[in-house]
Amino acid sequence: SSSRTSAACSISITIGRFCSSSGASWTRYSTKACSRAVSLLTQNGSLLLLSGQMQSYGCESHFSQRGTLAFPTKSAVYGMILAGMGKTGKQDALLSEMALWNMTVRCYSEGQRLLDYCTVGCGYPHDDSWESMFIPRKPDGSYPVAAGGMKGGQKILEKEYLTGAVFAVILSHPMKYGKRISDAFERPVFPQFLGRKCCIASDYIYRGLYSTKKRAESAADKVGISA
C-alpha cells in the first residue's frame with residue numbers, strides 16, 4: 001500500500017543482525033560494516049527529506065535493464081552530498097570515512113513502480129563523424145546489423161522508477177560534517193537529483209541537524225507525514 005501512516009517503515013544501514021521490532025510497524029535491515037564505525041560515529045543526525053514525482057535507486061542494473069530498489073541507497077545520498085560540495089574526480093579518502101556513517105531510511109509512502117520503455121541510437125547518420133558516436137556498438141566496435149543487411153544500432157532500454165514515494169534519511173556522522181552537509185544542500189555547487197537526472201526533488205531536501213538520532217526521528221515523522 002502507498003498510503004501514508006503515522007508509523008513509518010524504517011531501514012537502518014548499520015551494524016548487527018537482521019531484527020524486527022515486535023509490535024512496531026517498521027523493520028530494520030543491516031549491512032556489513034567495519035567495527036571501527038562505532039567509535040567514529042556521533043549522535044549528531046542530519047535529516048534529509050527525499051520526496052519527488054520520480055525517484056530511482058539502481059542496484060546491479062545492466063545497460064538495457066535498469067531497475068530500482070524500494071529505498072534510497074547510500075551511494076545515491078552520498079552522491080547528492082558530494083555534488084552539493086562541488087567534489088569532482090575520485091574522493092577515496094572522503095568516501096572511506098563516509099562509508100562508516102550510519103544511515104537510517106524511514107519510508108512514509110512506498111509509491112508505485114513505473115517502467116519507462118525507451119530506445120537509443122536510432123536515427124543517427126553513420127557518415128557523420130560526430131553523430132555516429134551516439135550509435136551503440138558491439139563489444140568489438142562494429143555496428144549491429146539490422147534486417148535487410150542495413151547497419152542497426154537501436155537499443156531498447158527499460159528504466160524503473162518509484163513514483164510518489166516519500167523517504168526521510170537520517171545520517172549519523174562526526175560533528176565536523178554538520179555544517180558541510182547543510183551547506184551542500186542549502187548552497188549546492190552542482191544540481192542534486194533523486195537517483196537519476198530526470199528525478200527532481202519536489203521539496204527542500206535538507207531538514208536540519210539534530211543532537212540525537214531520537215530527535216531526528218521525531219522530526220522525520222513530522223516532515224515525512226506532511227510531505
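Nothing here was measured: the structure is a model prediction, and the numbers come from that model. For reference, positions follow the sequence shown, starting with 1.
Note that CD of Gln53 is 10.5 Å distant from SG of Cys199, once rounded to the nearest 0.5 Å. To the nearest 0.5 Å, atom OG of residue Ser46 and atom OH of residue Tyr210 are 10.0 Å apart. Annotation: the span from Leu47 atom CG to Ile205 atom CD1 amounts to 11.5 Å, rounded to 0.5 Å. To the nearest 0.5 Å, the span separating CG on Leu115 from CD on Glu158 amounts to 5.0 Å. The structure places CG of Leu50 at 11.0 Å from SG of Cys107, a figure rounded to the nearest 0.5 Å. Here the OH-CH2 distance, from Tyr177 to Trp101, works out to 5.5 Å after rounding to the nearest 0.5 Å.
Every salt bridge (Lys or Arg N to Asp or Glu O under 4.0 Å) that Arg207 has, sequence neighbours left out, goes to Asp203. With sequence neighbours left out, Asp183 forms a side-chain hydrogen bond (donor to acceptor under 3.5 Å, both in side chains) with Lys179, Arg187. Residues satisfying the salt bridge (Lys or Arg N to Asp or Glu O under 4.0 Å) test with Arg113, not counting sequence neighbours, are Glu160.
Side-chain contact, Lys213 with Thr104: a donor N or O sits under 3.5 Å from an acceptor N or O.
In this structure a side-chain-to-backbone donor-acceptor pair under 3.5 Å is present from Tyr108 to Ala220. Of the possible donor and acceptor atoms, one in the side chain of Ser109 sits under 3.5 Å from a partner among the backbone N and O of Gly164. Using a distance-only test at 3.5 Å, with no hydrogens or angles considered, no donor-acceptor pair links the side chain of Lys74 to the main chain of Met103. Checked by atom type and distance alone, the side chain of Ser202 pairs as donor or acceptor with a backbone atom of Ser51 at under 3.5 Å.
Annotation for Leu162 and Ala165: closest pair CB-CB, 4.2 Å, computed over non-hydrogen atoms. In plain terms, the two heavy atoms of Leu48 and Leu171 that are nearest each other are CD1-CD1, 4.3 Å. Listed here is the closest heavy atom pair of Asp128 and Trp130: OD1-N, 2.9 Å. Contact record, Phe193 with Pro191: CZ-CB, 3.5 Å, taken as the closest heavy-atom pair. Nearest heavy-atom pair, Tyr57 versus Thr68, reported as atom, atom and distance to 0.1 Å: N-OG1, 2.8 Å.
Other members of the cluster containing Tyr161 are Met54, Leu114, with ILVMFWY side chains joined at under 4.5 Å, either directly or via other members.
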Kindly list each side-chain donor-acceptor pair under 3.5 angstrom involving residues 81-93, sequence neighbours excluded, with atom names and distances?
{"unit_1": "Gln91", "atom_1": "NE2", "unit_2": "Thr88", "atom_2": "O", "d": "2.8"}

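Screening residues 190-201 for side chain to side chain donor-acceptor pair (under 3.5 Å) gives Ser56-Arg196 as the qualifying pairs, with residues at least two apart or on separate chains.
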Walk me through it: do Glu217 and Ile170 pass the test side-chain contact (heavy atoms from CB on, under 4.5 Å)?
CA-CA 8 Å; Glu217 290 177 341; Ile170 302 172; 3.4 Å; yes
Go through it in stages, so that I can follow the logic: the residues are Tyr204 and Val223, the test is side-chain contact (heavy atoms from CB on, under 4.5 Å), and I'd like the CA-CA distance, side-chain angles, deciding distance and then a yes or no.
CA-CA 10 Å; Tyr204 293 109; Val223 299; over 6 Å; no
Under the criterion side-chain contact (heavy atoms from CB on, under 4.5 Å), I'd like the reasoning laid out for Met80 against Leu194: C-alpha separation, chi angles, the key distance, then a yes or no.
CA-CA 8 Å; Met80 286 187 278; Leu194 304 182; 4.1 Å; yes
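Using a 4.0 Å cut-off between charged side-chain N and carboxylate O, Asp221 and Arg106 make a salt bridge.
Using a 4.5 Å heavy-atom threshold, the side chains of Leu49 and Val166 count as touching.
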